[in-house]
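Residue numbers start from 1 in every chain, and the chains themselves are labelled A, B, ... in the order their sequence lines are given, proteins ahead of strands. Side chains are part of it too, since the values below use all heavy atoms of this structure and drop only hydrogens, waters and symmetry mates.
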Amino acid sequence: MPKPVQKEEIVSLLEEIGTLMRLAGENDFRAIAFDRAARTIESLDDDINKYIDDHTLTDLKGIGKSIANDVYEYAETGSVPVLEKLRDQVPDALIAWLGISGMGPKKIYKIHKALDITELSELKEKCRDGSVASLAGMGEKTAEKILKSIAWMEEFSARCHIDEATAVAELFLEKMKNADGVKEISVAGSLRRALETIGDIDLLIAADGKDAASLMERFTGLDGVMEVLGQGETKSSVRTDEGRQVDLRIVSPAHYPAALMYFTGSKEHNVAMRSLARGKNMQLNEYGLFHQTDDKKADFDRPLPTQSENYIYRHLGLGFIPPELREDYGEFDLAADGKVPELVELSDMRGILHVHSTWSDGKKSIREMAEACIERGYEYLGLTDHSQSAAYAGGLSIERVKQQWEEIDALNREYADKGIDFTIIKGIESDILADGRLDYPDDLLAEFDLVIGSVHSGLDHPPEKMLNRLMEAAAHPQVHVVGHPTGRLLLRRDGNKADLNRLIEHASKHKTAIEINANPRRLDLDWRYGRKARECGLMSAVCPDAHDIKGLDHMRYGIGIARKSGFTAGHILNAKTLADLKKWLGK
DNA sequence: GCCGTTTTCGGCCCGACTGTTTTCAGTCG
Ligand SMILES: Nc1nc2c(ncn2[C@H]2C[C@H](O)[C@@H](COP(=O)(O)OP(=O)(O)OP(=O)(O)O)O2)c(=O)[nH]1
Ligand SMILES: [Mg+2]
Ligand SMILES: [Mg+2]
Ligand SMILES: [Zn+2]
């Protein structure tokens, strides 16, 4: 029996093979096969070791005999011959060079071979001293561009949080939308899909051909544009002062729907759509959906009607797929059967859960937070300050809890007297202690109307132990919601590696919800667990985890993740009316 | 390397921009 492996190990193993293959100049389709296999393993929601023990990996899509045997071999021996051979051929250090924009596998391998260098520092040196420019197919500009790209890479991170990207996008939208000739304008790319982190910001404009050039000029000349990375007739890219890349694509109004679909992606969704089209003797690109010519190219003289994205899905026998679902992560199965869920919307939300006040580490009083909720049209606020062990965050002693309840009671009476239809719910975000117990005696916990159990300490516990803590909390009769289950901080700190598929099964069984923490630094539970969660009938809650008033406006990002998860309003606790929520909490 | 109610071999998404080239490869979206 081979020793158990972690899913993540296999994923990075396959990714490394694929990447090194490309660098080694292998057939790209072979490399793509390894990438695809990695994606399949990554999306597995049961134990990979079962497939390894039973030798059934080839049941999975994109995994054939060859890759399956590589994985079995790895599980047995800890190494794979094909990878060892590739490592001999291509130094691992070259993988870092792929982060330099404008540098792909061909250039990297060529420079590495011709100049016998592998380190980034050496590459910089050889760009400066003219060695790179003297290579065939390269020149002065090549070397300059490499140096510039390395500088960008070292100064700015490749991806950013979604709130930062949203702010950049809104600024550019504002500055472009009233320009002469703009007929339509939209955010596209990962931001439109509400991905948890954003690489660059993609904008699409519909305009007549005569206006395109002046719009491009306007875009590349905007305040805050530090550098123009490229400028053509239909698309341009710039870098902002903050180091974010913004791409603009301009198409004529007739092409706008197809272009919006293309530019929204994801790449994997696009590839799947285009393959589907070919399978039906049609060709899909950013200009539309077309019948085929005899040599299976797009016949631009024979377009199908595409007045909206929806038309394109229809022609391909699919229901409309909302942008958030376009990740090639199961949406085609849903859309083919007409089973795309009616996704939850921000306007479905009736109340706010998981908010901190000055009683613990929040910046605003209960009254201030409550009034901000009222202004935003919410019916209730589930106040959840930190519990007593969270000394670092001003966690509440039992005595303070009781004092807080008095303040809440007084505020609720005041709202009732004034005829304001708003209720503050007595809640707590209780630490899940190292042994899985909660942070107050059960009889006190029972007096709260809302208990969120979250891990804030012992973050380095091994996966199995962490899972046990989370499962124990989920099974605790007084716990309603498990908070930010992995504890990840996007772009900063990986979350714990507990098997969340098992937590989801367990929580569903005990009728405990798992939150989607809407803070753009967390967005945890991750949307990739949505399918599993829906299968298990898990409830969730979209929680701002707000420590100040601005934090309440993070709800939109949490809703994005809830939609990516495939959740309807029926899956979300705080889409319930207060009466229904109370019924659920009191179960 | 993977896959198949049009196939077990021959496809695998498709177009824009750049730089170095003299007709296109490489990279990116
Ligand atoms: N058909 C096709 N479309 C692509 C390809 N690469 C990118 N696109 C489309 C889909 C992408 O969502 C869109 C924008 O590209 P980006 O590189 O900005 O990717 P995206 O925004 O999805 O992710 P990001 O957060 O920017 O890394 O362009 C491709 O290889 N083929
Ligand atoms: Mg993008
Ligand atoms: Mg882009
Ligand atoms: Zn917390």
Side-chain angles (χ1 to χ4, degrees), chain A residues 14 17-18 21-23 25-40 57-71 82 97-111 132-146 148-149 188-190 199-204 212 216 220 228-237 245-251 255 258-290 292 296-298 300 316 328:
Chain A
L14 297 174
I17 295 174
M21 272 184 170
R22 259 187 273 265
L23 287 169
E26 256 293 352
N27 179 331
D28 205 37
F29 294 115
R30 269 190 85 198
I32 288 171
F34 280 89
D35 288 345
R36 287 184 54 111
R39 295 287 76 75
T40 297
L57 270 177
T58 50
D59 292 352
L60 302 172
K61 93 167 190 296
I63 299 185
K65 275 215 172 88
S66 174
I67 291 182
N69 282 329
D70 290 343
V71 175
V82 63
W97 293 21
L98 283 166
I100 307 167
S101 81
M103 289 277 273
K106 296 289 192 301
K107 271 191 210 168
I108 291 173
Y109 193 70
K110 182 171 194 169
I111 293 174
V132 167
S134 69
L135 298 176
M138 306 199 189
E140 289 285 322
K141 290 193 172 176
T142 315
E144 251 172 61
K145 197 173 158 191
I146 293 173
K148 209 171 245 174
S149 295
S190 51
D200 66 3
I201 290 113
D202 303 285
L203 300 178
L204 178 67
M216 280 302 179
T220 54
V228 179
L229 301 170
Q231 183 171 359
E233 287 180 8
T234 72
K235 85 188 217 203
S236 297
S237 294
Q245 183 177 325
V246 184
D247 292 345
L248 173 66
R249 184 89 196 236
I250 302 181
V251 297
H255 299 148
L260 183 58
M261 167 172 287
Y262 149 72
F263 214 28
T264 297
S266 64
K267 176 189 171 189
E268 290 74 18
H269 181 86
N270 289 352
V271 169
M273 287 288 286
R274 289 169 184 209
S275 305
L276 253 175
R278 281 182 80 85
K280 296 182 184 297
N281 298 316
M282 294 181 261
Q283 290 291 120
L284 177 62
N285 56 41
E286 63 265 49
Y287 298 104
L289 182 63
F290 302 91
Q292 286 182 329
K296 305 236 168 229
K297 296 262 168 51
F300 286 94
L316 298 180
D328 194 17

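- What separates CD of Glu233(A) from C1' of dT18(B) is a distance of 14 Å, to the nearest Å.
- Distances were taken from every side-chain heavy atom of Lys235(A) (C-beta onward) to each of dC13(B), dG29(B), dG1(B); the shortest belongs to dG29(B).
- Using a distance-only test at 3.5 Å, with no hydrogens or angles considered, no donor-acceptor pair links the side chain of Thr264(A) to the main chain of Met261(A).
- Distances shown here put a side-chain N or O of Tyr287(A) below 4.0 Å from the OP1 or OP2 atom of dA16(B).
- At distances below 3.5 Å, not a single donor-acceptor pair connects side-chain atoms of Asp202(A) with backbone N or O atoms of Asp247(A).
- Straight-line distance from the CE atom of Met138(A) to the C1' atom of dT18(B): 14 Å, rounded to whole Å.
- Using a 4.0 Å heavy-atom criterion, one finds that Ser236(A) contacts no nucleic acid atom at all.
- Distances from the side chain of Lys296(A) to the nucleotides dT6(B), dT27(B), dG1(B) place dT6(B) closest.
- Val251(A) has its side chain out of reach of Glu286(A): every pair of non-hydrogen atoms, C-beta onward, lies at least 4.5 Å apart.
- Of the inter-residue distances, the one linking Leu289(A) atom CG with Arg274(A) atom CZ reads 11.0 Å to the nearest 0.5 angstrom.
- Put simply, the side chain of Thr40(A) gets close to the backbone of Lys61(A): a donor and an acceptor are under 3.5 Å apart.
- The side chain of Gln283(A) places no N or O atom within less than 4.0 Å of a non-bridging phosphate oxygen (OP1 or OP2) of dC13(B).
- In this structure, Glu26(A) reaches neither bases nor backbone, as no heavy-atom distance under 4.0 Å exists between it and the strands shown.
- Comparing dT6(B) with dG11(B), their C1' atoms are spaced 14 Å from each other, to the whole Å.
- Closest to the Ile67(A) side chain, of the nucleotides dC13(B), dG1(B), dG29(B), is dG1(B).
- The residue Ile17(A) sits apart from the nucleic acid: no heavy atom pair falls under 4.0 Å.
- Proximity note for Thr142(A) (side chain, C-beta onward) versus dG19(B), dT27(B), dC28(B): the nearest is dG19(B).
- Projected onto DNA chain B by closest heavy-atom contact, Lys141(A) and Gly64(A) fall at different nucleotides, the more 5' of which corresponds to Gly64(A).
- At whole-Å resolution of the value, CZ in Phe290(A) and P in dC13(B) are 19 Å apart.
- Under the side-chain contact (heavy atoms from CB on, under 4.5 Å) rule, Tyr262(A) has a single partner from Asn270(A), Leu204(A), Asn285(A), which is Asn270(A).
- In the set dA16(B), dG26(B), dC14(B), dG26(B) carries the atom at the smallest distance from any side-chain atom of Lys106(A).
- A donor-acceptor contact shorter than 3.5 Å is absent between the side chain of Lys296(A) and the backbone of Arg278(A).
- When rounded to the nearest whole Å, the span between OH of Tyr109(A) and C1' of dA25(B) equals 18 Å.
- Here Arg30(A) reaches the OP1 or OP2 of dG1(B): one of its side-chain N or O atoms lies under 4.0 Å away.
- Using a 4.0 Å heavy-atom distance criterion, Tyr262(A) is classed as a base contact.
- Residue Thr234(A) places no side-chain N or O under 4.0 Å from the OP1 or OP2 atom of dG15(B).
- For dA16(B), the OP1/OP2 oxygens have no side-chain nitrogen or oxygen of Gln231(A) closer than 4.0 Å.
- Regarding contacts with the backbone of dG15(B), a side-chain N or O of Asn285(A) is found under 4.0 angstrom from either OP1 or OP2.
- Taking atom CE of Met273(A) as the reference point, atom C1' of dG15(B) lies 17 Å away to the nearest angstrom.
- Within 4.0 Å of Asp202(A), counting heavy atoms only, lie sugar-phosphate atoms of the nucleic acid but no base atom.
- If you take CD of Gln292(A) and P of dC13(B), they are 14 Å apart, rounded to a whole angstrom.
- Separating the C1' atom of dT23(B) from that of dG29(B) is a span of 24 Å, rounded to the nearest Å.
- Put simply, Ser237(A) has no side-chain N or O that comes within less than 4.0 Å of OP1 or OP2 on dG29(B).
- Trp97(A) places none of its side-chain heavy atoms less than 4.5 Å from the side chain of Leu23(A).
- Atom pair Ile32(A):CD1 and dC13(B):P shows a separation of 7 Å (rounding to whole Å applied).
- Of the P atoms belonging to dC13(B) and dC17(B), the separation is 22 Å, rounded to the nearest Å.
- Distances were taken from every side-chain heavy atom of Phe29(A) (C-beta onward) to each of dC12(B), dT20(B), dA16(B); the shortest belongs to dC12(B).
- Among the nucleotides dG29(B), dC2(B), dC13(B), the one closest to the side chain of Ser275(A) is dC13(B).
- Side-chain nitrogen and oxygen atoms of Arg278(A) include at least one within less than 4.0 Å of the OP1 or OP2 phosphate oxygen of dC14(B).
- The residue Glu268(A) sits apart from the nucleic acid: no heavy atom pair falls under 4.0 Å.
- Distances from the side chain of Gln245(A) to the nucleotides dA16(B), dG29(B), dT27(B) place dG29(B) closest.
- With DNA chain B read from its 5' end, the first of the two nearest nucleotides for Phe300(A) and Pro105(A) is the one closest to Phe300(A).
- One can place NZ of Lys145(A) at 10 Å from P of dT20(B), the figure rounded to the nearest angstrom.
- When both distances must be under 3.5 Å, the Watson-Crick or G-U wobble mate of dC9(B) is dG4(B).
- The side chain of Ser66(A) places an N or O atom within less than 4.0 Å of a non-bridging phosphate oxygen (OP1 or OP2) of dG1(B).
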